[in-house]
Amino acid sequence: MKTILLMDIVIAVFGIYLGAIAFQMKRTGKINSVVVAEDEIKKCKDPKAYIDSSFPYMIFFAIVSLIDRKIIQVGRVWTYAELVAFLIALAIFAHGMRENRNKYIL
């Protein structure tokens, strides 16, 4: 089994898991400890607002991690374009989650 294929599977599973957590948080109104540490959840000023502002970032990253998997090997240039797209999505996700954490928790 190729290492890249294994990483693709891990990233896809993480995307599914992150999407499930996002929908669970939206449904229950409680912040999941996978997203924010337990002690920081207690410091959250407005959990509903935090969930509402984090939900789009989490769903965006979950969708990108599922779409970005290599189904057909088009060529080397496409592989690099996929990597760049995934890294940009990761940066957007991390930046958005960090902003929400600073806005609602600290």
Side-chain angles (χ1 to χ4, degrees):
M1 181 179 245
K2 292 184 177 181
T3 306
I4 299 299
L5 178 61
L6 181 62
M7 287 304 297
D8 286 344
I9 292 169
V10 168
I11 291 169
V13 169
F14 177 72
I16 293 168
Y17 185 60
L18 187 65
I21 289 172
F23 281 110
Q24 177 200 23
M25 286 181 8
K26 189 78 162 169
R27 185 176 39 89
T28 63
K30 294 181 181 179
I31 301 171
N32 192 308
S33 62
V34 170
V35 179
V36 177
E38 286 287 336
D39 57 329
E40 292 184 356
I41 291 174
K42 296 173 187 172
K43 298 178 191 176
C44 187
K45 301 173 194 174
D46 188 0
K48 182 169 176 13
Y50 177 81
I51 291 168
D52 289 340
S53 62
S54 298
F55 184 78
Y57 291 108
M58 294 173 73
I59 294 301
F60 168 72
F61 188 71
I63 290 170
V64 168
S65 69
L66 288 172
I67 290 175
D68 194 37
R69 301 309 93 217
K70 294 175 190 74
I71 297 170
I72 300 172
Q73 185 68 18
V74 178
R76 200 168 238 224
V77 174
W78 182 248
T79 302
Y80 292 130
E82 285 178 335
L83 177 61
V84 169
F86 178 76
L87 292 176
I88 289 171
L90 179 62
I92 291 169
F93 170 72
H95 178 72
M97 295 301 287
R98 185 174 38 248
E99 277 188 359
N100 288 338
R101 182 178 174 271
N102 291 339
K103 184 176 180 181
Y104 295 107
I105 295 176
L106 296 179

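Each residue takes its place number in the sequence, starting with 1.
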Is there side-chain contact between Phe61 and Ile92, with heavy atoms separated by less than 4.5 Å? no
Could you walk me through whether Phe60 and Phe55 pass ring pair (Phe, Tyr, Trp, His ring centres under 6.0 Å), step by step? CA-CA 8 Å; Phe60 168 72; Phe55 184 78; over 10 Å; no
Check Asn100 against Ser54 and note the closest heavy-atom contact, atom names and distance. ND2-OG, 3.2 Å
How long is the gap from CZ on Arg27 to CD1 on Ile51, to the nearest 0.5 Å? 11.5 Å
Nearest heavy-atom neighbours spanning Cys44 and Ile31: SG-CD1, 3.8 Å
Pairs involving residues 46-58, ordered by first then second residue, that meet salt bridge (Lys or Arg N to Asp or Glu O under 4.0 Å) (sequence neighbours left out): Lys26-Asp52, Lys48-Asp52
Hey, are the side chains of Lys45 and Lys103 touching, using non-hydrogen atoms and a 4.5 Å cut-off? no
When clusters are formed by joining ILVMFWY residues with side-chain heavy atoms under 4.5 Å apart, either directly or through shared neighbours, do Val10 and Ile21 land in the same one? no
Could you tell me which residues satisfy side chain to side chain contact (heavy atoms under 4.5 Å, CB included) with Ile16, sequence neighbours excluded, listed by chain and number? Leu66
To the nearest 0.5 angstrom, please state how far the CE atom of Met97 sits from the OH atom of Tyr50. 3.5 Å
Do Leu90 and Val34 sit in the same hydrophobic cluster, where Ile, Leu, Val, Met, Phe, Trp and Tyr count as joined when their side-chain heavy atoms come under 4.5 Å apart? yes
Can you tell me which residue among Phe14, Phe93, Phe86 is in a side-chain contact (heavy atoms from CB on, under 4.5 Å) with Ser65? Phe86
Looking at Met25 and Lys30, what are the two nearest heavy atoms and their distance? CG-O, 3.3 Å
Test item: Val36 and Arg101 side chains (from C-beta on) under 4.5 Å apart, heavy atoms: no
Minimum heavy-atom separation for Glu40 to Ile105, with atom names? O-CG2, 3.5 Å
Might you point out which heavy atoms bring Ala89 and Val64 nearest each other, and give the distance in Å? CB-CG1, 3.5 Å
Glu38 and Ser33: which non-hydrogen atoms are nearest, and at how many Å? OE2-CB, 3.1 Å
